[in-house]
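Keep in mind that what you see is a predicted model, and the values were worked out from it rather than measured.
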Number of protein chains: 2
Amino acid sequence: MRIAELSQTTGVPVPTIKYYLREGLLPAGELTSPNQARYDDRHVQRLRLVRVLLDIGRLPIATIRDLLTELDRPDPDVHEVLGRALPATVGTRETSDPAMLAAAHERVRSLIKERGWLLSDNARTRQSAAEVVAAFQQVGADVEHLLEQYADLAEQIAVHDLRFVAQAGGNEGKLHAAVVGSILGDSLLAALRRMAQEHESAKMFGIRDDSC
Amino acid sequence: MRIAELSQTTGVPVPTIKYYLREGLLPAGELTSPNQARYDDRHVQRLRLVRVLLDIGRLPIATIRDLLTELDRPDPDVHEVLGRALPATVGTRETSDPAMLAAAHERVRSLIKERGWLLSDNARTRQSAAEVVAAFQQVGADVEHLLEQYADLAEQIAVHDLRFVAQAGGNEGKLHAAVVGSILGDSLLAALRRMAQEHESAKMFGIRDDSC
DNA sequence: TTGACATGGATAGTGTAGCTCTCCAATAGT
DNA sequence: ACTATTGGAGAGCTACACTATCCATGTCAA
């Protein structure tokens with residue numbers, strides 16, 4: 001398969017594929033001569049994964065590269081790789097009020113402790129959780145109830161997620177499932193949540209039925 | 001309060017505040033003379049909300065403007081406004097395979113039907129749900145189990161979300177809570193989910209305890 | 001074999017989003 | 001009176017994800 005066919009199959013323009021090759025998102029094809037390369041089905045899969053992480057996951061190119069580098073490690077330890085790779089997929093921000101952020105960090109720490117969550121010392125997930133908690137407070141919303149309830153539900157979600165990972169064959173497949181499940185899972189959950197919210201809102205506030 | 005104080009209070013640079021004013025994210029201050037305006041606490045709140053929607057929610061400026069315009073409607077019908085405003089906060093994308101997307105749409109339609117969800121004909125949430133389902137399939141993942149399980153959990157989440165909205169005082173407050181709860185809620189849930197995943201992964205794959 | 005077209009690779013250019021800078025006359029504060 | 005700041009408008013900047021152009025080398029159908 002040459003680059004044109006790879007482009008046809010995936011719907012990604014040729015110049016974009018060349019760009020991904022340059023950026024290391026896609027491994028180089030097998031060179032058959034100085035200016036001819038052969039691509040195969042793994043390139044198709046990889047390219048689709050890149051597009052999905054970009055379009056749905058909205059991950060920056062650099063993060064995707066790091067993620068794929070982890071995916072490509074030989075003989076990976078699934079838990080270890082996930083601990084290193086997935087935290088990179090949550091964004092951080094500079095909050096205006098450091099005291100508020102510190103308090104939020106403390107709240108997150110106590111949440112982790114009271115639930116007995118076993119977490120590595122990788123700070124990024126904790127950091128982003130604290131940032132969101134601080135954000136709630138900054139707009140004057142009381143996040144306390146939501147935090148506990150969401151934590152309960154997050155535990156349940158994670159059980160399903162890990163089952164999703166476990167069903168995949170091989171370490172390689174598990175890692176792929178973990179990345180896909182985590183990134184796309186966020187979006188899937190968000191979309192379903194929006195629909196469930198609208199349904200719940202219809203029940204609560206009464207239906208005007210101006211549409212369906 | 002003048003612009004410099006507004007900047008100090010919120011940590012947002014003066015030129016950025018001017019930019020937000022131009023873009024309609026912030027209502028103009030009360031003009032005391034042709035080139036002097038007075039800002040108050042509502043501007044502080046609004047500015048903080050804008051920053052949070054930008055930084056945590058990653059919403060584009062245009063979407064935030066639309067959202068705030070809905071928030072500012074006099075005497076709003078909460079359910080109606082939410083139905084119009086929140087779907088705008090989910091992104092869409094152009095998938096490569098239309099047949100796959102159509103199938104995903106059909107799957108989402110049947111999901112909605114089997115659960116009896118009462119949704120307006122606003123297509124955006126359904127569209128993004130279908131896109132995510134199609135994305136799972138495009139990377140070769142079987143989303144079927146996850147879809148049902150997530151839908152169950154989404155219903156529970158939505159109950160908490162609507163309770164969060166209901167506890168807020170006044171229609172104005174409810175709308176504010178709905179926007180904050182929906183946008184920040186996505187991020188909060190994602191952050192907690194990452195932590196719960198890591199904990200679950202530690203339990204499942206065994207702990208190397210190379211950190212904590 | 002030949003000639004139109006495709007290829008890998010490199011470099012430069014484009015479009016968009018979210019700011020940031022510069023300027024200006026009018027005004028505030030001292 | 002005078003220095004600093006203000007609201008406002010326009011242009012400029014930076015980062016990101018492409019997209020376009022070249023070019024020497026290849027492929028492949030006629």
For B:A130 and B:A104, work out which heavy atoms get closest and say how close.
O-CB, 3.2 Å
For A:H199 and B:E155: C-alpha separation, side-chain torsions, deciding distance, then whether side chain to side chain donor-acceptor pair (under 3.5 Å) applies.
CA-CA 9 Å; A:H199 171 61; B:E155 288 180 351; over 6 Å; no
Any residue in residues 38-58 of chain B with a heavy atom nearer than 4.0 angstrom to DNA chain C? Just list them by number, or reply none.
B:R51, B:L54
Correct closest heavy-atom pair for A:L101 and A:Q127 would be CD2-NE2, 4.3 Å
Rounded interatomic separation in angstrom, taking CD from B:E23 and P from D:dG7:
18 Å
For A:R65 and D:dC16, what is the distance between atoms CZ and P respectively, to the nearest whole Å?
11 Å
Taking CD1 from B:I3 and P from D:dT5, how many angstroms apart are they, rounded to a whole number?
13 Å
May I have the distance from A:E5 (atom CD) to C:dA6 (atom C1'), rounded to whole angstrom?
13 Å
Among C:dA10, C:dC19, D:dG7, which is the nearest nucleotide to the side chain of A:R22?
C:dA10
Under a 4.5 Å cut-off applied to non-hydrogen side-chain atoms, are A:K174 and A:L82 in contact?
no
Does B:Y20 make a side-chain N or O approach to OP1 or OP2 of C:dC19 shorter than 4.0 Å?
yes
Under 4.0 Å, heavy atoms only, any strand: does B:A62 hit a base, just the sugar-phosphate, or nothing?
nothing
Electrostatic pair B:E5:B:R2 at N-O distance under 4.0 angstrom
no
Please state whether the phosphate of C:dT20, meaning OP1 or OP2, lies under 4.0 angstrom from any side-chain nitrogen or oxygen of B:T16.
yes
Taking A:L59 as the fixed residue, which of A:D66, A:L54, A:I183, A:V52 is the one that meets the side-chain contact (heavy atoms from CB on, under 4.5 Å) rule?
A:I183
How close or far is atom C1' of C:dC21 from atom CD1 of B:I17, stated in whole angstroms?
16 Å
Contact check, side chains of A:R126 and B:M195, non-hydrogen atoms, under 4.5 Å:
yes
Counting primed atoms, P, OP1 and OP2 as sugar-phosphate and everything else as base, the B/S/- map of nucleotides 22-30 of chain C against protein heavy atoms under 4.0 Å is ----BSS--
Would you kindly give the OH-to-P distance between A:Y19 and C:dG8, to the nearest whole Å?
19 Å
Report the C-alpha distance between B:V139 and A:Q45 in whole Å, list the side-chain angles of each, state the deciding distance to 0.1 Å, and finish with yes or no for side chain to side chain contact (heavy atoms under 4.5 Å, CB included).
CA-CA 7 Å; B:V139 296; A:Q45 301 300 327; over 6 Å; no
Nearest heavy-atom contact between A:A178 and A:L86 is O-CD1, 4.3 Å
A:L21 atom CG is separated from C:dG9 atom C1', nearest whole Å, by 10 Å
